[in-house]
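Written below as structure tokens is the structure these notes are about.
In this text, all values refer to a predicted model and were calculated from it rather than measured experimentally. What you see below is based on every heavy atom in this structure, not just the backbone, and it leaves out hydrogens, waters and symmetry mates.
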Amino acid sequence: MSIRPTWLACVLLGVAGTATHAQDSTPNPPAADAPSAAPAASDGPAWPEIVKKDIHAGKDLRGRKAPELIVEEMLTDHPVKEGRVVLIDFWATWCPPCRATIPELNALQKKFRDDLVVIGISNEQPSKVRRFMEDNEMAYTQAIDTRSRTATEIDVRGIPHVLVISTDGVVRWQGFPLDPADRLTETIVKRIIDADPGVAARRKKDAEKK
């Protein structure tokens, strides 16, 4: 498959700053182990439907356990993840669609600040990302892993690449967040939060403390 510039997703090569092209817009075949349906939450609203799409990764983890999140350095304070949905964004400063996604992630973190933790992970050098952060508002956690270990485990093939993980460690949404076939929206994030028993339990616990 030829590589040519497109808006869909920047290529992640696993070496900071070496990739400057975007992924071919021709859809990849679905992963061999891709799940066929979204499991429902035990009580309350159901998890979002699993949409058939190009996942831009070798592993479709929707409805399955997320891999361990490995980082070398946190550029911001460590987030409190207990009882909260976690959104992981694999990104890079040189990637135009990654930069376009930042305002949307800022908005999600602010909207759901009590129930959602957004974590951006870049494989670039910390100094480069810090310089970028000085000129661009990023209202969510930032981390560095120059070895791209979690991204490699997922076999991420294009960035930005997002995982939304419920409190039981299961991936409830995955893919390119600006994908018109399955765009990551406030409605989807709210549905995951509302369906998550762990979030409900934490809210109850917090209310009892007041």
Side-chain angles (χ1 to χ4, degrees), residues 9 27 30-57 59-69 78-91 97 100-121 138-141 143 150 153-154 156 158-210:
D33 61 347
S36 57
S42 55
D43 296 298
W47 305 112
E49 176 187 359
I50 292 179
V51 175
K52 185 177 180 180
K53 63 180 181 178
D54 184 347
I55 204 70
H56 297 291
K59 292 184 180 178
D60 187 345
L61 298 174
R62 294 173 294 174
R64 297 191 170 97
K65 286 286 186 179
E68 180 184 3
L69 177 60
H78 286 260
V80 178
K81 296 184 288 184
E82 183 180 0
R84 292 168 175 83
V85 171
V86 175
L87 187 159
I88 299 173
D89 174 43
F90 297 99
W91 76 290
T101 301
I102 291 170
E104 299 196 12
L105 296 180
N106 283 337
L108 289 172
Q109 183 63 97
K110 292 174 183 177
K111 174 74 174 180
F112 303 110
R113 60 185 178 275
D114 294 331
D115 300 316
L116 176 71
V117 171
V118 179
I119 304 174
I121 303 178
M138 303 188 81
Y140 50 95
T141 302
T150 304
E153 172 65 21
I154 301 168
V156 172
I159 56 173
H161 190 82
V162 167
L163 304 179
V164 183
I165 306 167
S166 53
T167 58
D168 56 1
V170 174
V171 176
R172 303 299 177 181
W173 192 96
Q174 179 184 359
F176 174 49
L178 304 178
D179 187 348
D182 184 27
R183 189 182 180 99
L184 181 62
T185 63
E186 179 182 308
T187 299
I188 288 175
V189 173
K190 185 178 186 301
R191 185 171 178 180
I192 294 170
I193 290 171
D194 289 346
D196 195 325
V199 171
R202 195 217 76 248
R203 286 174 174 173
K204 181 179 179 181
K205 190 175 180 181
D206 290 348
E208 291 171 349
K209 291 179 181 178
K210 295 180 180 180

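- Between Leu163 and Leu87, every side-chain heavy-atom pair lies at or beyond the 4.5 Å cut-off.
- Remark: Asp114 engages no residue in a salt bridge (charged side-chain N to carboxylate O under 4.0 Å, His left out) (not counting sequence neighbours).
- Of the residues Val189, Val162, Ile165, the one that meets the side-chain contact (heavy atoms from CB on, under 4.5 Å) test with Trp173 is Val162.
- Between Ser166 and Val86 the shortest side-chain heavy-atom distance does not fall below 4.5 Å.
- If you take CD1 on Ile121 and CD1 on Ile159, they are separated by 12.0 Å, rounding to the nearest 0.5 Å.
- Annotation: Lys65, atom NZ; neighbour count of heavy atoms from other residues, nucleotides and ligands within 6.0 Å is above 12.
- Shown here for Val51 and Ala181, the closest heavy-atom pair between the two residues is CG1-O, 3.8 Å.
- With sequence neighbours excluded, the residues forming a side chain to side chain donor-acceptor pair (under 3.5 Å) with Lys110 are Glu137, listed by chain and number.
- A salt bridge links Asp115 and Arg202; the closest N-O separation between the charged side-chain nitrogens and carboxylate oxygens is under 4.0 Å.
- Rounded to the nearest 0.5 angstrom, Ile102 CD1 and Met138 CE are separated by 4.0 Å.
- Arg113 meets the salt bridge (charged side-chain N to carboxylate O under 4.0 Å, His left out) test with no other residue; sequence neighbours excluded.
- Proximity of a side-chain donor or acceptor of Arg84 to a complementary backbone N or O of Glu82 within less than 3.5 Å is detected.
- Classified by interplanar angle (parallel below 30°, tilted 30° to 60°, perpendicular above 60°), the ring pair Phe176/His56 is perpendicular.
- Remark: Asp182 engages Lys53 in a salt bridge (charged side-chain N to carboxylate O under 4.0 Å, His left out) (not counting sequence neighbours).
- Residues satisfying the side chain to side chain donor-acceptor pair (under 3.5 Å) test with Glu153, not counting sequence neighbours, are Lys59.
- Heavy-atom contacts from other residues, nucleotides or ligands closer than 6.0 Å to CD of Glu208 number more than 12.
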Go through the steps to decide whether Leu178 and Glu104 satisfy the test side chain to side chain contact (heavy atoms under 4.5 Å, CB included), and finish with yes or no. CA-CA 10 Å; Leu178 304 178; Glu104 299 196 12; 3.7 Å; yes
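- Judged as a side chain to side chain donor-acceptor pair (under 3.5 Å), and not counting sequence neighbours, Gln109 has no contacts.
- Remark: Thr167 pairs with Asp196, Val199 by the side chain to side chain contact (heavy atoms under 4.5 Å, CB included) rule, at least two apart or across chains.
- In this structure, the separation between CG on Leu184 and CG on Leu108 is 6.0 Å, given to the nearest 0.5 Å.
- Here the straight-line distance linking atom NE2 of His161 with atom OG1 of Thr101 works out to 12.5 Å at 0.5 Å rounding.
- Taking all atoms of both residues into account, the shortest heavy-atom contact from Pro160 to Pro177 is O-CD, 3.5 Å.
- Ion pair Asp194/Lys190 flagged as a salt bridge, since at least one NZ, NE, NH1 or NH2 atom sits closer than 4.0 Å to an Asp/Glu carboxylate oxygen.
- One finds the CD1 atom of Ile88 at 7.0 Å from the OG1 atom of Thr150 (value rounded to the nearest 0.5 Å).
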**Request:** Starting from the C-alpha separation in whole Å, work towards a yes-or-no answer on side chain to side chain contact (heavy atoms under 4.5 Å, CB included) for Val171 and Arg64.
**Result:** CA-CA 6 Å; Val171 176; Arg64 297 191 170 97; over 6 Å; no
Would you please test Val117 and Val80 for side chain to side chain contact (heavy atoms under 4.5 Å, CB included) and show each step? CA-CA 8 Å; Val117 171; Val80 178; 6.0 Å; no
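- Scanning for side chain to side chain contact (heavy atoms under 4.5 Å, CB included) contacts around Ala200 gives an empty result, with sequence neighbours left out.
- Shown here are the salt bridge (charged side-chain N to carboxylate O under 4.0 Å, His left out) partners of Arg191, two or more places apart in sequence or in another chain: there are none.
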Check your understanding: Are Lys111 and Glu186 close enough, and set up right, to give a side chain to side chain contact (heavy atoms under 4.5 Å, CB included), and what steps lead you there?
Key -> CA-CA 9 Å; Lys111 174 74 174 180; Glu186 179 182 308; 3.3 Å; yes
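- Put simply, CD1 on Ile119 and CH2 on Trp91 are 14.0 Å apart, with the number rounded to the nearest 0.5 Å.
- Applying the side chain to side chain donor-acceptor pair (under 3.5 Å) test to Asn106 and every residue at least two apart in sequence or in another chain returns nothing.
- Under the 4.5 Å side-chain criterion, counting only non-hydrogen atoms from C-beta, Val164 is not in contact with Gln174.
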